[in-house]
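Reminder, nothing fancy here: chain letters follow the sequence lines and each chain counts from 1. All figures in this text were calculated on a predicted structure; none of them were measured in a lab.
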Amino acid sequence: MVRDYLSQLNEPQREAVTHTQGPLMIIAGAGSGKTRVLTYRIAYLIDQGVDPFNILALTFTNKAAEEMRHRIERIIGPEARNLWMGTFHSVFAKILRIDGFKLGYTSNFTIYDTDDSKSLLRSIIKEMQLDDKTYKANYVLNRISGAKNNLISWQMYNDNPIFQAEDTAAQMPELGRIYRTYAMRCFSANAMDFDDLLFNTNVLFRDHLDVLNKYQHKFRHVMVDEFQDTNISQYLITRKLAAVTQNICVVGDDAQSIYAFRGANIQNILNFRKDYPDLRVVKLEQNYRSTKNIVNAANSLISRNKGQLEKNIFSDNEEGAKIEVIRAMSDNEEGRIISHEIFEGKLTGLKNSDFAILYRTNAQSRAFEEALRKINIPYRIIGGLSFYQRKEIKDILAYLRYTANQKDEEAFKRIINQPKRGIGDTTVAKIVVTASDQGVSVWDVVSRIRNFFEGRAANAIEGFADLIRSYILMLEEGKDAHAIAMHVAKTSGLLHELYMDKTVEGVARHENVQELLNSIRSFVDNDENEDKSLGAFLQTVSLLTTADEEDDGDNDKVTMMTIHGAKGLEFRHVFVVGLEENLFPSQMMLKSRDDLEEERRLFYVAITRAEKQLTLSYAQQRYTWGKMTFCEPSRFLEEIDSKYLRLGDKGIPQGFETAGRNPVSPQRPAIVGEPVKRPSPASNLKPVQAAKPVETHVPSPDFVPSDTKDLKAGDQVEHPKFGFGEVKKIEKMGATAKAVIFFHNEGEKTLLLSFAKLRIL
DNA sequence: ATTTATATCTTTTTT
DNA sequence: AGATATAAAT
């Protein structure tokens with residue numbers, strides 16, 4: 001049966017949907033209707049008689065999977081529930097939960113997040129008595145992660161002299177040993193980090209052919225979305241799964257590959273051709289999303305990258321408005337201008353949800369938050385400090401993790417003295433030593449502490465052990481995740497501690513915990529989750545994407561996120577902000593990987609999110625690490641063919657709180673001097689009309705920050721960014737002192753004096 | 001053993 | 001500016 005949805009597709013799209021037997025690669029340009037094709041393809045497979053149970057679809061975020069599942073459900077009905085869909089990590093975590101025992105893991109293994117991994121590495125480095133300044137946990141983790149993503153085990157790493165040589169050259173000859181210890185510690189903690197989920201799946205399929213066989217026959221059709229962002233480890237898993245049926249379909253766009261930093265490999269696309277000689281390739285080249293102007297501008301940018309897969313992205317949409325380029329004096333002004341533009345856009349009938357602000361780093365969101373709040377535009381931030389990374393949440397989760405898995409060393413370290421129960425570092429160290437001396441686990445010592453220790457600390461530990469035992473008992477009785485979490489929150493003392501804390505933060509934290517409990521309840525109440533156990537919940541939670549977090553139901557909000565988070569989304573009007581050299585392209589990326597092309601692809605992704613309107617902005621100065629720095633416009637601004645651009649005729653927003661703003665304090669005479677010379681941008685890109693510089697404080701030419709140690713209340717001061725103000729009070733805390741200063745233009749600020757660039761007048 | 005004060009570092013993106 | 005680690009004081 002051929003449903004009418006096929007008639008809604010163009011020729012290549014239809015081919016992508018109906019080519020169901022044998023390997024298929026879909027090169028899907030930005031906005032080419034990829035999601036629609038994937039959805040219909042699955043629906044079509046089911047219409048052709050394939051059981052949803054036999055279809056595996058790997059997506060980039062869990063949210064994307066859920067969304068697709070719902071779309072499919074609308075076409076083919078509730079059968080869609082049986083599809084296997086999700087991220088690589090979540091699908092293979094599920095498989096490892098079932099079959100991981102063959103590798104020596106139990107089904108309730110813990111998933112270590114990046115923080116856990118780093119913390120474990122830090123303690124290993126310390127134990128090995130290595131210098132933690134040469135061996136940075138971050139770097140070490142990256143190195144190990146890179147190895148795992150290329151399927152290099154710690155044994156192989158240590159056997160291969162090339163790695164030794166590399167590490168010695170980098171002054172870190174002990175990396176191999178660290179890798180070894182790390183891997184063994186994770187294993188004995190019954191824990192896997194993110195990379196292990198993929199690595200161990202590979203090992204499982206390599207060493208246990210019965211398991212491989214089972215899944216090869218189960219998944220008769222395998223589909224991979226965002227194929228350009230898969231790494232070798234992921235690729236090999238899919239290749240193995242599809243080895244029998246050869247029914248593998250990958251969808252990707254080399255121009256949108258932006259995760260090489262975490263091991264993604266565009267080579268996969270090329271390898272794919274070699275691995276499947278009778279591969280069918282379909283190119284989706286028509287962009288349905290954006291105006292001609294935006295599509296052409298994006299093409300003009302991306303054509304600067306070498307080694308593109310050949311394709312010709314075009315649009316039949318209207319010509320559309322030109323891309324607006326805005327120059328702002330400062331990061332704060334950038335926020336003001338853009339919030340103002342959104343305000344104006346809404347006057348023309350657009351909704352908040354039509355707008356998105358995209359930036360390179362999460363830290364950039366601050367200026368926009370402030371500006372939007374000021375004029376009462378609701379917004380939503382995706383990413384950043386995620387809900388599940390907050391301390392209070394991680395504490396509760398650590399209790400739950402420890403209840404599920406007493407070998408979880410990181411969880412143990414987190415909760416043993418949280419809330420305070422008089423068990424300090426020395427006590428913990430004693431326990432750990434005893435455990436390894438006796439050749440038993442830490443939990444063995446803790447749960448039978450009387451056999452080893454007595455005294456004050458032993459009492460506290462006994463109390464802790466009893467607590468945990470009561471939780472384990474609930475787990476064994478088969479109580480669901482919510483019942484256990486509720487009990488843990490109440491009896492651990494965490495909730496009570498937060499309840500007692502009446503500060504603003506304390507109340508917020510208490511609410512966060514309540515929210516966590518609610519979300520556990522909805523997990524348990526959700527009929528789509530068949531496994532309601534604590535273990536199932538924990539695994540789901542640790543693999544949540546930042547994009548997965550629920551919103552509060554009010555959806556008409558301006559969206560703010562990093563460009564990485566924006567993949568797969570589209571908005572009517574997109575602002576790409578912070579287009580400054582060293583910020584975007586990121587200095588870090590250029591320094592560590594020397595990869596301008598990936599940054600350019602990132603910019604390409606950002607641009608192609610826009611449907612009708614695109615605004616690019618950069619600031620001339622910006623506060624970073626408490627210091628004001630001058631910025632140069634990003635080279636990317638020049639890389640777009642200027643015929644698609646309209647250079648800022650909109651310097652500074654009129655009205656709002658900026659009116660009447662003046663660099664000169666009303667109480668002080670203007671300081672006369674040469675106009676401040678700003679370093680002229682190396683770029684030849686000049687806005688048609690210079691922005692009026694009146695809006696921000698221009699520091700006096702002879703600005704020399706005074707020694708602030710004799711600063712006192714009542715002093716008049718000048719600050720290069722905030723302008724003139726008066727000191728309200730000084731808060732001294734030992735060597736660190738803070739000054740509360742009322743700035744005439746900016747209001748009250750609290751400055752750390754060791755950072756503050758203040759001039760006493 | 002725990003709390004508080006001081007010193008040091010960080011610098012990106014995310015499963 | 002923030003977090004986190006170390007040192008000193010309670």
Side-chain angles (χ1 to χ4, degrees), chain A residues 58-63 86-93 111-115 117-119 122 126 132-133 136-138 141-142 145 148-149 192-198 226 229-231 233-234 258-264 358-364 366 382-386 388-389 391 417 419-429 455-457 460 542-548 561-567 578 582-593 595 598-599 601-602 605-606 623-627 629 732-738 749-752 754-756:
Chain A
L58 298 162
T59 56
F60 201 67
T61 63
N62 293 302
K63 197 179 182 184
T87 60
F88 272 92
H89 291 84
S90 66
V91 166
F92 295 111
I111 297 172
Y112 275 176
D113 67 12
T114 314
D115 286 339
S117 300
K118 275 193 242 176
S119 145
R122 264 191 287 268
K126 202 168 172 183
D132 59 359
K133 276 166 197 143
K136 297 253 170 69
N138 240 326
L141 183 60
N142 268 333
S145 170
K148 282 186 191 163
N149 285 331
M192 301 191 202
D193 66 15
F194 288 136
D195 306 311
D196 285 334
L197 293 173
L198 307 173
E226 308 284 6
D229 286 325
T230 54
N231 59 39
S233 175
Q234 293 168 317
I258 55 175
Y259 280 97
F261 72 88
R262 98 179 182 207
L358 306 182
Y359 34 74
R360 179 66 235 267
T361 69
N362 282 307
Q364 284 166 259
R366 199 210 81 251
I382 296 180
L385 264 212
S386 102
Y388 291 99
Q389 288 176 330
K391 265 189 245 38
N417 201 26
K420 304 267 190 287
R421 50 170 72 85
I423 306 172
D425 294 345
T426 28
T427 311
V428 174
R456 200 160 45 108
S542 41
L543 294 173
L544 281 184
T545 320
T546 50
D548 293 331
M561 60 190 146
T562 65
I563 300 167
H564 284 90
K567 181 138 66 136
N582 294 335
L583 217 201
F584 191 19
S586 143
Q587 190 181 21
M588 261 290 137
M589 181 65 123
L590 296 186
K591 221 191 296 180
S592 64
R593 304 174 25 89
D595 198 345
E598 177 156 333
E599 292 286 295
R601 287 193 294 268
L602 200 50
V605 169
Y623 250 69
T624 12
W625 316 307
K627 270 198 323 231
T629 47
K732 257 216 156 89
M733 301 143 60
T736 58
K738 291 178 176 175
K749 302 262 176 191
T750 306
L751 301 181
L752 204 57
S754 48
F755 280 100

*Please give, in whole Å, the distance from B/dT14 C1' to A/Tyr112 OH?*
20 Å
*asked:* Could you tell me how far apart A/Leu590 (CG) and B/dT11 (C1') are, to the nearest whole angstrom?
replied: 15 Å
_Along DNA chain B (nearest heavy atom to each residue), the more 5'-positioned of A/Arg421 and A/Glu599_ = A/Arg421
_Regarding A/Thr361, tell me which of base, sugar-phosphate or nothing describes its non-hydrogen contacts under 4.0 Å with the strands shown._
sugar-phosphate
*Is any side-chain N or O of A/Arg360 under 3.5 Å from a base N or O of B/dT13, one able to act as donor and the other as acceptor?*
yes
*Sticking with atom P, work out how far B/dT13 lies from C/dT4, rounded to a whole angstrom.*
15 Å
*Given atom NZ of A/Lys118 and atom P of B/dT11, what is their separation to the nearest angstrom?*
7 Å
*Starting at atom CZ of A/Arg262, determine the distance to atom P of B/dT13, rounded to an integer number of angstrom.*
13 Å
*asked:* Just N and O in the side chain of A/Thr562: are any of them under 4.0 Å from OP1 or OP2 of B/dT14?
replied: yes
*Contact class for A/Asn417 (heavy atom, under 4.0 Å): base, sugar-phosphate, or nothing?*
sugar-phosphate
*Calculate the interatomic distance between A/Leu358 atom CG and B/dT12 atom C1'; express it in whole Å.*
16 Å
*asked:* So A/Ser90, base contact, sugar-phosphate only, or nothing? Heavy-atom distance under 4.0 Å.
replied: nothing
_d(CD, A/Gln364; C1', C/dA1) in whole Å_ = 16 Å
*State which residue, out of A/Asn231, A/Asp195, A/Asp196, fulfils the side chain to side chain donor-acceptor pair (under 3.5 Å) condition with A/Lys148.*
A/Asp196
_Tell me the interatomic distance from A/Ile382, atom CD1, to B/dT13, atom P, rounded to whole angstroms._
15 Å
*With centres under 5.5 Å and planes under 30° as the test, does A/Tyr259 stack with B/dT13?*
no
*List for me each residue that meets side chain to side chain donor-acceptor pair (under 3.5 Å) alongside A/Ser586, sequence neighbours excluded, and say none if there are none.*
none
*asked:* It should be established whether A/Asn362 places a side-chain nitrogen or oxygen under 4.0 Å from OP1 or OP2 of nucleotide B/dT13.
replied: yes
*Answer with base, sugar-phosphate or nothing: what part of the nucleic acid does A/Arg601 contact at a heavy-atom distance below 4.0 Å?*
nothing
*Evaluate the side-chain proximity of A/Phe88 to A/Leu197: yes if any heavy-atom separation is below 4.5 Å, no if none is.*
no
*Please work out if A/Asn138 contacts a base, only the sugar-phosphate, or nothing of the nucleic acid, heavy-atom cut-off 4.0 Å.*
sugar-phosphate
_I need the A/Asn362 CG to A/Met561 CE distance, nearest 0.5 Å._
11.5 Å
_Categorize A/Ile563 for me: base, sugar-phosphate, or nothing, with a 4.0 angstrom heavy-atom threshold over every strand shown._
nothing
*In whole angstrom, what separates A/Asn142's CG from B/dT12's P?*
11 Å
*With a non-hydrogen cut-off below 4.0 angstrom, is A/Lys391 in contact with a base, only sugar-phosphate, or nothing?*
nothing
*State the CG-CZ distance between A/Asp595 and A/Arg601, to the nearest 0.5 angstrom.*
6.0 Å
*Under 4.5 Å between any side-chain heavy atoms of A/Tyr259 and A/Lys567, yes or no?*
yes
_With nearest nucleotide decided by heavy atoms, which residue, A/His89 or A/Met588, maps closer to the 5′ end of DNA chain B?_
A/Met588
